[in-house]
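Right, one structure below, let's go through it.
Note: hydrogens, waters and symmetry copies are ignored here, and every other heavy atom, side chains too, is used. Because the structure is a prediction, the values reported are computed rather than measured.
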Amino acid sequence: MNLPLQPESTLADLAVAYPAASRVFRRHGLDYCCHGRRPVSEACAERGLDAAALLSEVAAEARTSGDVETMADQPIPAIVERIIGWYHARLRTELPLLVQMARKVEGVHAEKESVPRGLAAHVESLSQELIDHLDKEEQGLFPMLLSGRGGQAAAQVQSLEREHEDVALALQKTRALTTDLVPPIEACTTWRALYLRLDELEAELMEHVHLENNILFRRALCADM
């Protein structure tokens, strides 16, 4: 896709056309997955960013990143396989470990004022919601898409997109509970590792939701295999 880097382009479209753009957007706190269907100029204005400077940063990163093939070029079965085999598998492995780590940090450091109180319960709730969400996709939507019935999946897509909005809110809450994922000076190794892994979780969830909302769902509703 040869999409010009213009302020009028949407975050989602640029993230589809330039894989490097998603990394730049995340660095600047721009939600390109759930709220990606708005112009770069509007998103930048909200956060006090210079749109031209941001687009220059995207161009520079695209030149050096080596991104050639994107999932936007792949058929629907390949996209679904990537989502299940990579993103879903990663979540099913990582979420239980994050719950354990959060419980340990809260338990061991309960007397410290800086402890992220409520984080373990929050991560556990997010984990259950995400696993339920993955099951809905794998047992409901994805079989429909793979059988060529994407044009009939509008209601399911809308429901899953609303759940993606809930995930975005949950990620915001995670940052609120963890002082923006910055560990305090007294944090132990497990505490620091937990915050690093929560940061990685956020990055992968944003990529995951972007791949579904802005690539798979758009293609599927047009029944384009």
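- For His109 and Lys112, the side-chain atoms include at least one donor-acceptor pair closer than 3.5 Å.
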- Item | Verdict with supporting geometry, Glu163 and Glu129, side-chain contact (heavy atoms from CB on, under 4.5 Å) | CA-CA 9 Å; Glu163 292 186 9; Glu129 290 173 5; over 6 Å; no
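- Heavy-atom minimum distance, Leu221 versus Ala153: CD2-C, 4.1 Å.
- Panel note: side chain Glu106, backbone Ala120; a donor-acceptor pair is recorded below 3.5 Å.
- Ser56 places a side-chain N or O within 3.5 Å of a backbone atom of Ala52 that can act as its donor or acceptor partner.
- The shortest side-chain heavy-atom distance between Ile83 and Leu216 falls under the 4.5 Å cut-off.
- With sequence neighbours excluded, no residue forms a side-chain hydrogen bond (donor to acceptor under 3.5 Å, both in side chains) with Gln172.
- At least one side-chain heavy atom of Arg218 sits under 4.5 Å from a side-chain heavy atom of Arg37.
- Under a 3.5 Å cut-off, the side chain of Arg47 and the backbone N or O of His28 do form a donor-acceptor pair.
- For the pair Arg82 and Tyr87, the cation sits on the ring face: its NZ or CZ lies under 6.0 Å from the ring centre, inside 45° of the axis.
- The closest side-chain heavy-atom distance from Tyr32 to Leu14 is not below 4.5 Å.
- Residues that satisfy the salt bridge (charged side-chain N to carboxylate O under 4.0 Å, His left out) test with Asp135, not counting sequence neighbours, are Arg92.
- Annotation: the span from Glu212 atom CD to Ile79 atom CD1 amounts to 10.5 Å, rounded to 0.5 Å.
- Cluster membership check: Leu49 shares its hydrophobic cluster with Tyr18, using side-chain heavy-atom separations under 4.5 Å among Ile, Leu, Val, Met, Phe, Trp and Tyr.
- No continuous path of hydrophobic side-chain contacts links Leu201 to Met206 [ILVMFWY only; heavy atoms under 4.5 Å].
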- Query: Are Lys104 and Leu194 close enough, and set up right, to give a side-chain contact (heavy atoms from CB on, under 4.5 Å), and what steps lead you there?
  - Reply: CA-CA 10 Å; Lys104 181 177 180 180; Leu194 172 62; over 6 Å; no
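- Between Glu186 and Ser114, the side chains place a donor N or O and an acceptor N or O closer than 3.5 Å (distance only, hydrogens not considered).
- A heavy-atom distance below 4.5 Å is not found between the side chains of Ser147 and Phe142.
- Side-chain atoms of Val209 and His164, non-hydrogen and from C-beta on, do get closer than 4.5 Å to each other.
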- Just do the salt bridge (Lys or Arg N to Asp or Glu O under 4.0 Å) check on Asp166 and Lys173 with the steps written out, would you? CA-CA 11 Å; Asp166 293 337; Lys173 183 175 180 179; over 6 Å; no
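- Taken to the nearest 0.5 Å, the CZ atom of Arg103 stands 4.0 Å off from the CD atom of Glu124.
- The line from NE2 of His133 to CG of Leu91 is 9.5 Å long, rounded to the nearest 0.5 Å.
- A donor-acceptor contact shorter than 3.5 Å is absent between the side chain of Thr179 and the backbone of Arg175.
- Cluster annotation: Ile84 and Leu141 are assigned to the same hydrophobic cluster (Ile/Leu/Val/Met/Phe/Trp/Tyr, side-chain heavy-atom contacts under 4.5 Å, transitive).
- Atom NE2 of His208 sits about 8.5 Å away from atom CG of Leu130, to the nearest 0.5 Å.
- Contact annotation: the side chain of Val40 approaches that of Leu11 to within less than 4.5 Å [non-hydrogen atoms, C-beta and beyond].
- Taking both residues in full, the closest heavy atoms of Thr10 and Gly36 are given as CB-O, 3.5 Å, listed atom of the first, atom of the second, then distance.
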- Message: Assess the residue pair Glu81 and Trp86 against the criterion (side-chain contact (heavy atoms from CB on, under 4.5 Å)); give the C-alpha distance rounded to whole Å, side-chain angles, the decisive distance to 0.1 Å, and a yes or no.
- Response: CA-CA 8 Å; Glu81 180 181 1; Trp86 176 253; over 6 Å; no
- Task: Give the intermediate values and the outcome of side-chain hydrogen bond (donor to acceptor under 3.5 Å, both in side chains) for residues Glu8 and Ser41.
- Result: CA-CA 6 Å; Glu8 297 77 23; Ser41 56; over 6 Å; no
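- Each of Leu205 and Ile215 belongs to its own hydrophobic cluster when Ile, Leu, Val, Met, Phe, Trp and Tyr are linked at side-chain heavy-atom distances under 4.5 angstrom.
- Annotation for Ile76 and Ala220: closest pair CD1-CA, 3.8 Å, computed over non-hydrogen atoms.
- Side-chain N or O atoms of Asp31 include one that pairs as donor or acceptor with a backbone N or O of Cys33 at under 3.5 Å.
- Interatomic distance, Glu137 CD to Leu145 CG, rounded to the nearest 0.5 Å: 9.5 Å.
- Nearest heavy-atom pair, Pro116 versus Val105, reported as atom, atom and distance to 0.1 Å: CD-CG1, 4.1 Å.
- By the 4.5 Å heavy-atom criterion applied to side chains, Val157 and Met144 are not counted as neighbours.
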- Message: Applying salt bridge (Lys or Arg N to Asp or Glu O under 4.0 Å) to Glu61 and Arg27, what does each step give before you reach the verdict?
- Response: CA-CA 12 Å; Glu61 183 130 352; Arg27 279 203 298 268; 2.8 Å; yes
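- Rounded to the nearest 0.5 Å, atoms CG (Leu211) and CD (Gln74) are 10.5 Å apart.
- Listed here is the closest heavy atom pair of Thr178 and Thr174: OG1-O, 2.8 Å.
- Residues Val108 and Val115 fail the side-chain proximity criterion, which asks for heavy atoms closer than 4.5 Å.
- Each of Leu171 and Phe25 belongs to its own hydrophobic cluster when Ile, Leu, Val, Met, Phe, Trp and Tyr are linked at side-chain heavy-atom distances under 4.5 angstrom.
- Across all their heavy atoms, Leu55 and Pro7 have their closest contact at CD1-N, 3.5 Å.
- Remark: the backbone N or O of His122 is not paired with any side-chain donor or acceptor of Ser125 at under 3.5 angstrom.
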- Message: Using salt bridge (Lys or Arg N to Asp or Glu O under 4.0 Å), reason through Glu207 and Arg26 one step at a time and then give a plain yes or no.
- Response: CA-CA 10 Å; Glu207 291 176 1; Arg26 184 167 181 266; over 6 Å; no
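- Among residues two or more places apart in sequence or in another chain, the side-chain hydrogen bond (donor to acceptor under 3.5 Å, both in side chains) test is passed with Gln156 by none.
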- Worked verdict on Glu46 versus Leu30 for side-chain contact (heavy atoms from CB on, under 4.5 Å): CA-CA 10 Å; Glu46 277 188 10; Leu30 297 173; over 6 Å; no
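- Side-chain atoms of Ser9 come within 3.5 Å of backbone atoms of Pro4 as a donor-acceptor pair (strictly under, hydrogens ignored).
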